[in-house]
Amino acid sequence: MNLRAPRGTRDILPPASEVWDFVESRIKEIYKKRNFKEIRTPLFEDTELFVRGVGGTTDIVEKEMYTFNDKGGRSITLRPEGTAPVVRAYLEHKLFGQSQPFKLYYFGPMFRYERPQAGRYRQHYQTGVEVIGGDTPFIDAEVITLGIDILREFKMEEWVLHLNSIGCRECRPVYIQELKNFFKKETVCRECSDRIDRNPLRVLDCKNEECAEIKQKAPSIIDFLCPACSEHFSEVQELLGEREIPFSVDPTLVRGLDYYTRTAFEIKTSELGAQDTILGGGRYDGLAEELGGPRAPGIGFGMGLDRFILMLEKKQTELSGSKPLDVYLVAIGDKTVQKESWKRLNLLRQAGFSADMDLLMRSPKNQMKAANRAGARFTVIIGANELEQGVIQLKDMDEGTQVEVEIDQLINALKKKKTGEVN
RNA sequence: GUGGGUGUAGCUCAGUUGGUUAGAGCGCAGGAUUGUGGCUCCUGAGGCCGUGGGUUCAAUUCCCAUCACUCACCCCA
């Protein structure tokens with residue numbers, strides 16, 4: 001038996017899991033403040049959804065999908081990204097019939113078959129948003145701003161927003177033709193020469209040094225945008241300026257998924273390794289139609305939580321993940337005392353305190369040790385003597401002081417101590 | 001998919017120029033006059049030295065393969 005999580009996957013254990021919980025709930029609050037609603041879609045979908053949605057010639061579909069046949073012979077794929085499933089759900093449930101635009105957020109794992117690396121996992125976690133049913137530049141700016149707001153909420157300043165527009169159905173084909181003509185005259189790396197016909201935009205994405213020089217001379221998409229796309233793009237930039245969000249226009253940013261149109265963006269940080277994109281997204285005005293629905297333009301982003309948290313840890317940002325325990329109960333005596341303590345434990349919890357006790361029934365000394373390790377603010381000591389007199393010992397673990405309290409007054413005494421601390 | 005590095009206790013790492021019972025620190029468990037934490041001291045548990053094969057009288061040490069981790073490429077979150 002191989003007792004190891006599969007390659008590229010990992011367990012998130014305490015105390016790390018407390019950091020995750022903390023980060024996720026803070027982000028969720030940000031979404032809620034902006035009137036986004038949660039959507040949960042299945043972890044797997046029909047393979048066809050991604051082939052049609054993401055695009056058959058993309059890296060994701062060509063080599064990164066976890067695809068298998070289920071017992072009914074259906075081809076199933078573990079979702080490699082969040083947008084296609086959300087748009088599928090939007091169409092399936094005819095959400096275009098409701099008040100538009102539809103603003104959704106999600107949290108959850110995504111799956112891609114790749115070689116693991118720092119900040120790259122086969123099962124990784126993303127949070128993201130999708131705004132569907134509108135194509136004004138305000139929506140673009142609102143979505144991008146939201147991404148920045150998350151970074152700022154966590155006091156992260158070491159990032160660069162890369163922005164581009166990759167045009168629409170009207171203007172992009174013209175540009176692509178131009179690009180093909182250009183590259184066919186140049187000598188590019190072998191991979192790129194393969195790409196020229198299949199997915200020419202991706203040649204711009206090549207990091208090969210030989211190609212880099214050639215790329216600089218290549219025609220820029222921005223010069224080929226149709227009037228509508230061009231206006232959209234400059235308005236988005238204007239609105240970002242309005243919010244004082246710095247960005248860098250990057251004509252080589254094309255993104256690896258086919259569904260993108262117009263606005264494309266990525267936020268990179270210098271604080272990770274080679275896997276430095278923590279947030280990426282773009283507009284997808286044609287996706288709904290591509291999937292067989294009505295026109296429903298949308299825009300969204302995905303943010304990598306693994307990388308985000310890695311970045312927070314590298315920055316040693318204080319993450320007050322775990323909250324110390326209010327009370328640890330120490331039982332000293334036989335079963336009668338233990339049972340009484342266990343009963344009191346429940347009463348403490350019902351009164352709203354976080355409380356725990358030693359369920360191994362160890363020696364008083366060891367129980368105190370455990371209380372200390374749990375970070376308990378107070379210990380409540382119940383022994384046979386106390387039980388007889390109807391009292392308990394209440395010990396302040398920071399001060400090291402201890403007072404006797406009538407057992408019925410315990411909750412009140414604790415409440416007083418707690419509010420005393422707040423004031 | 002390609003290339004480099006690594007793989008000894010729960011964790012961080014020593015070590016064996018091939019040779020009997022493989023070590024430390026931290027952590028964990030228990031204890032230091034019978035009912036009290038954090039400091040100190042004592043004791044203890046825990047390792048088929050990643051897995052499989054080869055060379056050898058002998059391998060945890062050498063060689064090969066494999067798996068995993070890690071860094072980079074590719075690409076992305």
Side-chain angles (χ1 to χ4, degrees), chain A residues 1-10 13 54 58-64 79-83 107-128 147 189-192 194-195 199 202 205-209 211 253-257 264 266-269 272-281 300-311 328-334 337 358 360 362-387 392-402:
Chain A
M1 183 62 204
N2 171 29
L3 284 181
R4 265 187 180 155
R7 181 159 206 208
T9 69
R10 59 182 176 152
L13 307 170
V54 175
T58 59
D59 276 10
I60 288 182
V61 172
E62 276 189 339
K63 47 188 197 191
E64 294 174 3
R79 67 180 185 197
E81 59 98 42
T83 301
F107 286 84
M110 302 295 166
F111 306 86
R112 291 186 202 172
Y113 190 86
E114 297 179 275
R115 288 274 298 255
Q117 199 181 322
R120 185 164 80 190
Y121 302 92
R122 289 183 173 182
Q123 173 173 337
H124 70 277
Y125 296 83
Q126 285 188 29
T127 179
C189 69
R190 209 182 60 215
E191 235 176 305
C192 283
D194 283 347
R195 280 201 281 230
N199 205 335
R202 298 289 301 290
D205 224 15
C206 181
K207 271 94 185 170
N208 197 315
E209 279 184 29
C211 300
L253 171 67
V254 296
R255 311 273 305 143
L257 293 75
E266 277 182 12
I267 296 176
K268 290 176 186 277
T269 171
L272 292 179
Q275 307 306 316
D276 57 356
T277 303
I278 57 172
L279 189 151
F301 68 70
M303 176 172 141
L305 286 171
D306 308 79
R307 288 177 190 178
F308 186 63
I309 288 169
L310 199 64
M311 191 176 161
Y328 199 95
L329 231 148
V330 173
I332 307 173
D334 59 12
V337 180
D358 178 36
L360 297 176
R362 285 179 289 199
S363 71
K365 178 195 178 79
N366 286 316
Q367 293 190 51
M368 290 303 292
K369 233 177 184 173
N372 191 54
R373 275 194 286 233
R377 184 70 188 78
F378 299 99
T379 46
V380 167
I381 300 153
I382 306 181
N385 301 341
E386 281 81 3
L387 203 55
I392 54 88
Q393 306 294 332
L394 179 58
K395 180 164 185 176
D396 184 316
M397 294 297 273
D398 291 345
E399 311 277 328
T401 54
Q402 184 170 315

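So you know, we letter chains A, B, ... as the sequences are listed, proteins then strands, and number each from 1. This one's a predicted model, so the numbers in the text were calculated from it and none came from an experiment.
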*Of all the choices, B:rA29, B:rC75, B:rU36, which nucleotide is nearest to the side chain of A:R362 once you look at every atom?*
B:rA29

*Separation of A:D59 atom CG from B:rC75 atom C1', in whole Å?*
5 Å

*Of the candidate nucleotides B:rA72, B:rU70, B:rG35, which contains the atom at the shortest distance from the side chain of A:P116?*
B:rU70

*Pick the nucleotide of RNA chain B nearest each of A:E64 and A:I382; which residue has the one closer to the 5' end?*
A:I382

*A:D334 (side chain) donor-acceptor with A:V337 (main chain) under 3.5 angstrom*: yes

*When the distance from CD1 of A:I60 to P of B:rC74 is rounded to whole Å, what number comes out?*
17 Å

*Could you give the distance separating B:rG47 and B:rU34 at their P atoms, to the nearest angstrom?*
34 Å

*For atom P, what is the distance between B:rU8 and B:rA14, given to the nearest Å?*
10 Å

*Would you say the side chain of A:E386 and the base of B:rG35 hold a donor-acceptor pair, judged only by whether the two atoms sit under 3.5 Å apart?*
yes

*asked:* Looking at B:rC13, which nucleotide sits across from it as a Watson-Crick or G-U wobble partner, both distances under 3.5 angstrom, or is there none?
replied: B:rG23

_Minimum-distance nucleotide to A:T277 side chain [options: B:rC76, B:rA72, B:rU36]_ = B:rC76

*Around atom CZ of A:F107, are there more than 12 heavy atoms of other residues, nucleotides or ligands at under 6.0 Å?*
yes

*Take atom P in B:rA29 and the same atom in B:rC39, then report the distance between them in whole Å.*
14 Å

*Minimum-distance nucleotide to A:A274 side chain [options: B:rA77, B:rA72, B:rG37]*: B:rA72

*A:G333 near the nucleic acid: base, sugar-phosphate alone, or nothing, with a heavy-atom cut-off under 4.0 Å?*
nothing

*When we call it a touch if two heavy atoms are under 4.0 Å apart, what does A:E266 touch: a base, just sugar-phosphate, or nothing?*
nothing

*Start with the C-alpha gap between A:L272 and A:I278, add the side-chain angles, then the distance that decides, and say whether side chain to side chain contact (heavy atoms under 4.5 Å, CB included) holds.*
CA-CA 9 Å; A:L272 292 179; A:I278 57 172; 3.6 Å; yes

*If you find the nucleotide of RNA chain B closest to A:R373 and the one closest to A:N385, which residue's nucleotide is nearer the 5' end?*
A:R373

*Atom CG in A:D358, atom CE in A:M368: separation rounded to 0.5 Å?*
12.0 Å

*Of all residues at least two apart in sequence or in a different chain, which pass the salt bridge (charged side-chain N to carboxylate O under 4.0 Å, His left out) check with A:R10?*
A:D306

*To the side chain of A:R7, which of B:rC76, B:rA68, B:rG31 is closest?*
B:rA68

*What is the pairing partner of B:rG18, taking Watson-Crick or G-U wobble pairs with both distances under 3.5 Å in any strand?*
none

*Distance-only, no hydrogens or angles: does the A:R377 side chain make a donor-acceptor pair with backbone N or O of A:D396 under 3.5 Å?*
no

*Ignoring hydrogens and angles, tell me if any N or O in the side chain of A:R120 forms a donor-acceptor pair with the backbone of A:R115 under 3.5 Å.*
yes

*asked:* Roughly how many Å apart are B:rA45 and B:rG25, using the P atom of each and rounding to a whole number?
replied: 15 Å

*Considering only the P atoms, how many Å lie between B:rU12 and B:rG7, rounded to the nearest integer?*
12 Å

_As an exercise, state the distance from NE2 of A:H124 to CD of A:E114, rounded to the nearest 0.5 Å._
8.0 Å

*How long is the line joining CD of A:Q367 and P of B:rA29, in whole Å?*
13 Å

*asked:* Measuring from the side chain of A:K268 (C-beta onward, heavy atoms only), which nucleotide among B:rC76, B:rC69, B:rG35 has the closest atom?
replied: B:rC76

*Mind checking A:I381 for me? I need base, sugar-phosphate or nothing, with any heavy atom below 4.0 Å counting as a touch.*
base

*Please work out if A:G8 contacts a base, only the sugar-phosphate, or nothing of the nucleic acid, heavy-atom cut-off 4.0 Å.*
sugar-phosphate

*With A:R112, the side-chain contact (heavy atoms from CB on, under 4.5 Å) member among A:Q123, A:R79, A:K63, A:E81*: A:E81

*Could you tell me whether A:L279 contacts a base, only the sugar-phosphate backbone, or nothing, with contacts defined as non-hydrogen atoms closer than 4.0 Å?*
sugar-phosphate

*For B:rA32, give its Watson-Crick or G-U wobble partner with both distances under 3.5 Å, or none.*
B:rU40

_Whole-Å distance separating the CE atom of A:M311 from the P atom of B:rA77_ = 16 Å

*Which whole number of Å gives the distance between the C1' atom of B:rU61 and that of B:rG15?*
10 Å

*asked:* Under 4.0 Å between a side-chain nitrogen and a carboxylate oxygen: does that hold for A:E266 and A:R255?
replied: yes

*Distance, rounded to the nearest Å, where A:F378 contributes CZ and B:rG38 contributes P*: 19 Å

*What residue among A:N372, A:I381, A:V330 forms side-chain contact (heavy atoms from CB on, under 4.5 Å) with A:Q367?*
A:V330

*What about A:K365, does its side chain sit under 3.5 Å from the base of B:rG37 through a donor-acceptor pair?*
no

*asked:* From C-beta outward on A:K63, which listed nucleotide comes closest to its side chain: B:rC74, B:rG31, B:rU36?
replied: B:rC74

*Do any side-chain nitrogens or oxygens of A:R122 fall under 4.0 Å of OP1 or OP2 in B:rA77?*
no

*asked:* Can you see if the side chain of A:N366 gets near the phosphate of B:rG30 - specifically, an N or O under 4.0 Å from OP1 or OP2?
replied: yes

*With a 3.5 angstrom cut-off on both distances, give the Watson-Crick or G-U wobble partner of B:rU66, or none if there isn't one.*
B:rG50

*asked:* Just to be sure I understand the rule, does A:G128 reach a base, reach only the sugar-phosphate, or reach nothing, if contact means heavy atoms closer than 4.0 Å?
replied: nothing

*Rounded to whole angstroms, how far apart are CG on A:L272 and C1' on B:rA77?*
10 Å

*Looking at every strand, decide which applies to A:Q275 at a 4.0 Å heavy-atom threshold: base, sugar-phosphate, or nothing.*
base

*What is the pairing partner of B:rC73, taking Watson-Crick or G-U wobble pairs with both distances under 3.5 Å in any strand?*
B:rG1

*Any chance you could list the contact pattern along nucleotides 1-10 of chain B? Use B for base contacts, S for sugar-phosphate-only contacts and - for none, protein heavy atoms under 4.0 Å, 5' to 3'.*
BBB-------

_Using atom P in both nucleotides, what's the gap between B:rG38 and B:rC26 to the nearest angstrom?_
15 Å

*For B:rG19 versus B:rC62, give the span between their C1' atoms, rounded off to a whole number of Å.*
15 Å

_Short side-chain N/O contact to B:rA72 OP1/OP2 from A:Q117, under 4.0 Å_ = yes

*May I have the distance from A:Q126 (atom CD) to B:rC75 (atom C1'), rounded to whole angstrom?*
14 Å

*Establish whether the base of B:rG37 is bridged to the side chain of A:N372 by a donor-acceptor pair shorter than 3.5 Å.*
yes

*Between B:rC71, B:rA77, B:rG37, which one does the side chain of A:A118 approach most closely?*
B:rC71

*Touch check for A:Y121, heavy atoms < 4.0 angstrom, all strands: base, sugar-phosphate only, or nothing?*
base

*Could you pull out the closest heavy-atom pair between A:Y113 and A:R122, with the gap in Å?*
CE1-NH1, 3.2 Å

_What is the distance, to the nearest angstrom, from the CZ atom on A:R112 to the C1' atom on B:rC76?_
6 Å

